[in-house]
Structures are given as structure tokens and as C-alpha cells.
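Note: hydrogens, waters and symmetry copies are ignored here, and every other heavy atom, side chains too, is used. Every number for a ligand or one of its atoms is a count from 1 in the order of the listing. Note that the coordinates shown come from a computational prediction; the quantities given were computed from them, not determined experimentally.
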Amino acid sequence: MTFSSADPAPSRQAPATADSSGKALYGGKSSRRITVHDIAAAKERGEKWPMLTAYDAMTASVFDESGIPVMLVGDSMGNCHLGYETTVPVTLDEMAMLSAAVVRGTKRALIVADLPFGSYQEGPVQALRSATRLVKDAGVGAVKLEGGERSHEQISLLVASGIPVMGHIGLTPQSVNAMGYRVQGRGEEAAQQLLRDAKAVQDAGAFAVVLELVPGELAAEVTRSLHIPTVGIGAGPTTDAQVLVYTDMVGLTPGRVPRFTKQYANLRETLGGAARAFAEEVVGGTFPQEEHTFH
Ligand code: KIV
């Protein structure tokens with residue numbers, strides 16, 4: 001059995017009612033929790049949607065109030081939140097703890113949690129055990145895992161067990177030690193493999209698939225050839241959705257960020273400025289003042 005958009009989404013996040021009323025994922029009026037059925041309906045309407053990563057309750061609540069319909073508790077938390085160099089060391093315990101925080105901080109967004117490296121590669125049963133923990137303990141509405149043809153069995157079992165799955169192909173950062181960080185799908189053979197991977201993810205029953213760091217023309221071809229939505233990051237403008245790592249998007253990430261990302265704010269400067277202003281007032285004796293003092 002595979003998941004279809006007619007089946008109920010069995011997560012504790014939301015009642016499993018399909019949204020057939022044409023409500024937009026971003027900018028729509030509905031305040032109930034978004035489900036994978038809403039994602040399928042958006043694809044049918046040809047509607048584009050945004051996804052952001054989130055790793056804590058407060059930031060997630062800001063994005064939720066801003067109408068971001070899908071949040072990814074990405075294993076990018078490794079480099080963006082936990083101070084690791086890559087996503088590889090992230091554990092299932094860390095993923096469960098931060099996913100639960102993001103679920104608690106949100107009311108409307110569909111929350112998708114990454115299965116960390118080492119939590120599903122052994123096979124479908126290990127994948128089911130890990131995903132079940134994220135759905136039951138953290139309360140996420142879906143999980144994401146990396147790999148196309150190689151992850152077909154894992155995706156199939158999760159979907160058959162009632163866990164919605166987002167696939168992830170192209171550059172798969174958990175394989176950085178083998179793959180490096182470079183554009184995927186260049187050349188005829190690699191392009192054909194990416195198309196096969198995309199089909200494998202869809203055939204296994206995934207509700208969406210991330211395309212990371214692939215040529216724009218190839219992402220367009222994959223998007224045309226699938227009936228599930230594609231979520232692009234470094235994959236050009238034609239995918240159904242776009243995802244950004246939020247620390248890149250708000251200018252918190254130190255140093256160089258990848259060319260495909262866009263910085264919409266400079267929080268590093270804003271936070272640094274606030275910290276320096278506070279420190280100077282403490283050192284200069286101008287904080288706290290009378291209005292901050294109890295008597
Ligand atoms: O972990 C993550 O943030 C991701 C996105 C880059 C899609 O997988």
C-alpha cells in the first residue's frame with residue numbers, strides 16, 4: 001500500500017481533511033494545520049510555495065505568524081545551530097528535541113523533520129523506527145530523507161505505515177564525504193540518474209521531493225515529469241516550491257554563503273549591534289535605570 005492524496009495523513013499535527021476549497025498555502029485564510037493533502041492540492045492549482053528551515057520554537061513562531069506554510073527541521077541544524085561542521089554528526093535525539101520545539105512554536109505550518117545520517121541507511125525497519133519516534137514523540141507531520149533509487153524501500157515502508165515522506169535528491173549533504181558540495185546532474189548520464197531518482201521517490205509514495213543544487217533546466221524537466229511537487233534549493237526558478245536555510249536567509253550565517261541563497265536581512269549585524277549597545281550601557285553604568293528597578 002502506498003500513500004495517496006485521498007488517504008488521511010496520520011500525524012498528530014492535524015485533522016486529516018483535504019483542502020479542496022482552493023485556499024492558498026501562503027496567504028490563505030485557513031488557520032488549521034497544513035497537511036500533505038493541501039500540498040497536493042497546491043500542485044494541482046499550480047501554486048508555488050515557500051519552505052524555510054527552523055530549529056527552535058521562537059524562530060518557528062515568527063515564521064508561522066508570517067504565513068510560511070511548511071517548515072523543515074533540517075539536519076542543517078548541524079552547521080547552522082549546533083556548531084558542527086557538517087550535517088553528518090546530527091543525532092536522532094537532537095532531531096527529536098529540536099523538532100518538538102518547532103512543533104510547539106507553531107500552529108499552522110506543516111512540520112517536516114529530517115531523518116539524520118545513520119538513522120535510516122541500514123534499511124526500511126530502521127527508517128520506520130526512527131521516523132516513528134519523530135512523529136510520535138516530536139509530533140511532526142512528515143519526515144524527509146535523502147536518496148532516490150537507493151532509498152526507495154525506506155520511503156515505501158514509511159508511507160505504507162502512514163508516515164508522509166519528502167524525498168531529497170541531487171546534492172545530498174549527508175553524503176558530503178563521498179560527494180563533496182558540487183552541482184549534481186551535469187552530463188547526460190547524471191541527468192538520467194537524477195530523473196530515475198525523482199521517479200523512484202515518487203513511485204515509493206513521497207508527497208514532495210527536494211532538488212538540491214541541480215541545473216535549472218534539469219530541475220524544470222524533473223518538475224514537468226512528476227505529479228508530486230518539487231522543492232528547489234539551488235535548482236532555479238521552475239520548481240513548485242523553494243526552500244532556504246533560514247540562517248542564510250536572514251544573514252546569521254558567518255562567512256560566505258552559497259550563490260543560490262538570498263539574504264533578506266542582516267541579523268548578524270543587528271544582534272551584534274544590540275549586544276554591543278547593552279555591553280556599553282552596563283560598563284558605562286546607564287543600564288539598568290529607574291524604570292527597570294523594583295522597590
Ligand atoms: O537540512 C536542510 O536544511 C535541508 C535543506 C537544504 C533542504 O535538507
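Remark: the Gln174 side chain and the Asp75 side chain contain an N/O donor-acceptor pair separated by less than 3.5 Å.
Here is the list of ligand 1 atoms found below 4.0 Å of a heavy atom in Gly74: 1 (O), 2 (C), 3 (O). Each of the atoms 8 (O) of ligand 1 lies under 4.0 Å from some heavy atom of His168. Close contacts of ligand 1 with Ile233, meaning ligand atoms under 4.0 Å from a residue heavy atom, involve 6 (C).
Salt-bridge formation is detected for the pair Asp114/Lys144: a Lys NZ or Arg NE/NH1/NH2 atom is positioned less than 4.0 Å from an Asp or Glu carboxylate oxygen. Salt-bridge annotation for Asp137 and Arg133: present, with a side-chain N of the basic residue lying under 4.0 Å from a carboxylate O of the acidic one. By the 4.0 Å N-to-carboxylate-O rule, Arg196 lies too far from Asp203 to be salt-bridged with it.
Closest to atom 2 (C) of ligand 1, if we only count protein heavy atoms, is Ser76 OG, 3.3 Å. Leu72 CD2, 3.7 Å is the protein heavy atom nearest to atom 7 (C) of ligand 1.
Proximity of Thr53 to ligand 1, defined as any heavy-atom pair under 4.0 Å, is confined to the side chain (atoms from C-beta onward). Only the side chain of Asp114 comes within contact range of ligand 1, with a heavy atom under 4.0 Å; no backbone atom does.
Remark: Leu252 engages Tyr246, Thr247, Val250, Leu267, Leu271 in a side chain to side chain contact (heavy atoms under 4.5 Å, CB included) (not counting sequence neighbours). Taking the salt bridge (charged side-chain N to carboxylate O under 4.0 Å, His left out) definition, one finds that Asp197 meets it with nothing, sequence neighbours left out.
Assignment of Lys144 to the shell around ligand 1 is supported, since a heavy atom sits closer than 4.0 Å.
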